[in-house]
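Excluded from the calculations below are hydrogen atoms, water molecules and symmetry mates; all remaining heavy atoms, backbone and side chain alike, are included. Both counts, for ligands and for their atoms, begin at 1 and track the order of listing.
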Amino acid sequence: MRKDKPSRTAYKVALNLVTLGSKPGMDSILPPGTVRATEKLLVASGATCARTLRWAHSKRMVSIYESFDWMLPGQFEAFAHRKAFCEGQVRDGIGAGATQILVLGAGYDTLGWRLASEFSDVKFFEIDHPATALLKAKGINAMGQRDNLVLIAEDLGKQKLVDTLKSNRQWEQGANTVMVAEGLVMYLSPEAVRDLFRQCFEVSGAGSRIAFSYIPTGTDGRPDAGPWTGLMLWLQKVAGEPWHWSIRPEELGLFLEETGWANAPELTGPPGRHGVEFYAVARK
Ligand SMILES: C[S@@+](CC[C@H](N)C(=O)[O-])C[C@H]1O[C@@H](n2cnc3c(N)ncnc32)[C@H](O)[C@@H]1O
């Protein structure tokens, strides 16, 4: 990705959510408060202006997104399902005893900000590349800091997660933790993904889990985005955030085992693809 500029894909996910807020039926899928908080964050951070938000909210924008279904079937609505999946994992994990939440590659995600006030005895951490994290921090400042929300600006491609967290006095090594990697691992190199899972294992305690989304590998060995894979891969590359990592669902169990984790389809929910991605949960 472009190191000096805030993530375009994170911005697109956030705008997509705003538009989903205008699509009938989506309010029963999107976690409550997501759309409103995302709008606030986008404006408060300076990532966008009120005019763009109004446009993103329009019925016309819903139609435009829907008209791209030929290229990526189900992808528009998939962002709502992904948010619901991740938030469900966090709530479930807290219910099962987690006291720490870590959102990796958080972008403009508002889960930490929204849930920190609801679960005041749980610590929320977010990490993102500095260019995006600093803009977001500006927005969170304006929206109202949470004492139990820690925003970390770090390039996970350069700095080890283990070192970043160990040097943070608020991080509790060995705590039951829910980690979220939503729309992240496809942007990292295969070595970086393997290393990230190993490090997540190292920094968390018994009972922890990691919830993530991933793109499956196609028969040609490339990330499989459906019939228009070639075009999608090219668009991602041109946008400066190419996809590097994918995996065949049947190979996920072994991959996770090699990094210390156990695949936990029983925690993941109904199997199947959501747009271009699959969801997965690994537990310790
Ligand atoms: C597609 S966005 C997803 C944002 C958020 N997880 C969501 O779904 O709303 C990918 C995010 O990963 C972050 N990211 C990519 N490479 C990273 C790296 N090397 N270190 C830290 N963050 C990274 C980007 O800055 C961006 O915010």
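- For ligand 1, the atoms lying closer than 4.0 Å to a non-hydrogen atom of G183 are 1 (C), 2 (S), 3 (C), 10 (C).
- Nearest-heavy-atom check against atom 12 (O) of ligand 1 across L156, L184, L188 picks out L184.
- Listed by atom number, the atoms of ligand 1 under 4.0 Å from G157 heavy atoms are 19 (N).
- Here's the thing with R82: one of its N/O atoms is less than 3.5 angstrom from an N/O atom of ligand 1.
- Ring orientation note: the planes of F76 and Y65 are close to parallel, at an angle under 30° on the 30°/60° scale.
- Scored by the side-chain hydrogen bond (donor to acceptor under 3.5 Å, both in side chains) test, D92 finds R209 as partners (sequence neighbours excluded).
- Remark: among candidates T132, D128, N16, the nearest residue to atom 24 (C) of ligand 1 is D128, based on non-hydrogen atoms.
- With respect to the salt-bridge test (charged N to carboxylate O, under 4.0 angstrom), the residues E39 and R36 qualify.
- The side-chain hydrogen bond (donor to acceptor under 3.5 Å, both in side chains) search around D220 returns R222, not counting sequence neighbours.
- The aromatic rings of F85 and Y279 lie parallel to each other, with less than 30° between the two planes, well short of the 60° mark.
- Counting heavy atoms under 4.0 Å from ligand 1, residue A106 touches it through the backbone alone.
- The ligand atoms of ligand 1 that sit less than 4.0 angstrom from a heavy atom of E154 are 20 (N), 21 (C).
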